[in-house]
Amino acid sequence: MTIQETLSQHIKVAFSKLYQAELNTVEFQSTRKEFEGDITVVTFPMLRVVKMNPAQLGEDLGKYLVEHVDEVKAYNVVKGFLNIVIDDVFYLNFFNSIKDDNSYGFKPQSEKAIMVEYSSPNTNKPLHLGHIRNNLLGYSVAEILKAAGHKVYKTQIINDRGIHICKSMLAWERYGNGETPKSTGLKGDKLVGNYYVKFDQEYKKEITDLVAQGTPEEDAKKQAPILLEAQDMLRKWEAGDKDVVALWKTMNGWVYEGFETTYKNLGVDFDCYYYESDTYLLGKEFIAEGLKSGVFFKKEDGSVWCDLTEDGLDEKIVLRADGTAVYMTQDIGTAIQRIKDYPDVEGMVYTVGNEQDYHFKVLFLILKKLGFDWAKNLYHLSYGMVDLPSGKMKSREGTVVDADDLIVEMSNTAKELSQELGKLDDYNDQEKQTIYNTIGLGALKYFILKVDPKKRILFDPKESVDFQGNTGPFIQYTYARIQAILRKADFDTSITQSLSDTSLHEKEKELIKQLELFPEVIQNAAQNHSPALIANYTYNLVKEFNSFYQNVSILGADNQNEKVFRVQLSQAVANTIKNAFGLLGIDVPERM
RNA sequence: GGUGGCAUAGCUCAGCUGGAUAGAGCACCUGCCUUCUAAGCAGGCGGUCCUAGGUUCGAAUCCUAGUGCCAUCACCA
């Protein structure tokens, strides 16, 4: 039972005893720092039950609690706020109960699984900063859901089908001279990305030529030979043309290899992969079924639609007149396929940018109409764009921040800073590089994850990512300092001390209170699908610890008991930092 | 135009189911390294919480209307 539950029970009893009235809920908040106390009871809502002066009510309750509850040591009332002082013993006992629990705050895994989809890139474009936000969010939410007690499968849908793929294939055939990632030394995704850009350049050139010859621009856009050729290629692909499919496989293979490298560098992973080219057919099957059951209807031209006007939305196409699949078709197929493959999955989270809010609203609704009961547990983890000072990122205009480049830049910045400080001089180059990567990535990940997912992020490549203040490195630094202390502590820290006669330093108590919050924060973050809550919690914990660290001597404590306790407390904080950062996908260094 | 999201200090962001004098970081200004790592600590400066109404003992938070920015309203994915 938590202290709040204990207090709540007693207050209810007090109410019936003192006023013969029944109280349903008690409202608590943590006591503001300028007042004495640990927990505050807000008396105003109680005035509905008994009509009396809030200050007097506070006095009565405070007096009752001191008399009847062991943990309550003292109280004071300020303007209807009853501030309760909790006995140090309570906090010490609590601390002893968690100090050896390496997975404190984490719930054991249940049988129910959630599938988290993220990344889901376009195979023509190398990953950029926007994908980084997606990947970090998806990975982190998956980890948070695990910590909150869910079984989780991480997955993605790879957009490997359609005209856009043919564009880079065609450009490569025409201008590639047989180039491969090996022959050029380029990452596969970058190589293919270049040909996608090349296609666009040639396409524009052809349009210009046509216009110069007198073709209206609208027509020129449709008649450019290179585009017609790409469309022809798509038809061949759909017909299963051997050569086209072989090329498609080869080039996609290059891209996947390139992506895997980026994922590895970014520290994200997946349990399973889905390919649009595999699932769109299943989607079609269910469209046919839905047509029979009346969920969908057919228009005169043969196209299939879903009428969502009763739900306040429009009609939505789910199959083209020529019978080919649209985006929605394959998403329906993918969802159903996943549940078939993983029957323990009871819900899914889709990490996709907020420009697709409407799409997912419709998708979820259609799945519900099709009668899948898991459809009620679908969640669109919608997040805001990452903007640059120059505006939106556009691949074709070259105004993107490339993911690989950014990761390298970050660790270079970490390297420069670290070398200035010179604390790692006795490490070899490889060890140093590992730490630079940890810090650089930590800065980047924290910078992105600390912001509420639904808000847009303005990213200034030159100034945005800082290493001081509310940043990843600040928190990593605190962790590293604690490790230094633990290395120096030459005694057994695993013992459990009887602490009944110890009195807590104010900073120690604050730290324990902060630790106490962790399990609740995890649950909250899971419910809200928000890594930002974990990030902010960790920051508060670390601020509190740093204040403790600077104001209180840990290894220089007055007596052995106190020294052991402080080291143990530091250890528990370090452990919590590590676990919390793990939920964000951020590593912590032993030294920095 | 319809729908959805966002709006808090010069900048980047917190602010949980309404609660005490709205909090951090950066920037700017003061102090603190012969003592556990100064990527730190202690303090100062800085706010009509977009506007106007409403609900309430109490509103940055909830409701209504408006303003601004963004997204979306494709037989593109």
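As the structure is a computational prediction, the values presented were derived from the model and not from experiment. Quick note on labels: first sequence line is chain A, next is B, and so on, each numbered from 1.
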So, using ring pair (Phe, Tyr, Trp, His ring centres under 6.0 Å) as the criterion, who are the partners of [X] when residues are at least two apart?
| X | result |
| --- | --- |
| A:F296 | none |
| A:Y273 | A:F270 |
| A:F360 | A:Y350, A:F364, A:H380 |
| A:F467 | none |

Taking only residues two or more places apart in sequence or in another chain, which ones pass side chain to side chain donor-acceptor pair (under 3.5 Å) with [X]?
| X | value |
| --- | --- |
| A:T324 | A:R320, A:D322 |
| A:N354 | none |
| A:K454 | A:D452 |
| A:N559 | none |

Just checking, A:K299 and A:W305: is the charged tip under 6.0 Å from the six-membered ring centre and within 45° of the axis?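 Relative to the ring axis of A:W305, which defines the angle, A:K299 lies inside both limits.
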Would you verify whether the NZ or CZ of A:R161 falls within 45 degrees of the ring axis of A:Y280 while also being under 6.0 Å from that six-membered ring's centre?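 Checked: cation-pi criterion met.
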Please, what dot-bracket string fits RNA chain B when only Watson-Crick and G-U pairs with both distances under 3.5 Å count, crossing ones use [ ] and pairs to another strand use |? (((((((..((((.....[...)))).(((((.......))))).....(((((..]....))))))))))))....
Can a side chain N or O of [X] be found less than 4.0 Å away from OP1 or OP2 on [N]?
| X | N | result |
| --- | --- | --- |
| A:R481 | B:A39 | no |
| A:R320 | B:A77 | yes |
| A:N354 | B:A71 | no |

Which nucleotide, B:C75, B:U72, B:A42, lies nearest any side-chain atom of A:Y358?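 Among the listed nucleotides, the one closest to the side chain of A:Y358 is B:U72.
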Selection from B:A39, B:C36, B:A77 that lies nearest to any side-chain heavy atom of A:I554: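 Output: B:C36.
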Let me have the donor-acceptor pairs involving side chains of residues 518-526 of chain A, under 3.5 Å, with sequence neighbours excluded, atom names and distances please.
{"residue": "A:N524", "atom": "OD1", "partner": "A:N528", "partner atom": "ND2", "Å": "2.8"}

Looking at RNA chain B, which of residues 409-417 of chain A put a heavy atom within less than 4.0 Å of it?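 Contacting residues: none.
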The contact string for nucleotides 11-24 of chain B, one letter per nucleotide 5' to 3', using protein heavy atoms under 4.0 Å with B, S and - for base, sugar-phosphate only and none, comes out as -SSSS---BBS-SS
Within the 4.0 Å heavy-atom criterion, would you say A:S547 contacts the bases, only the backbone, or no part of the nucleic acid?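 Sugar-phosphate, backbone atoms only, no base.
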By the 4.0 Å heavy-atom rule, please label A:K423 as base, sugar-phosphate, or nothing.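 The residue A:K423 makes base contact.
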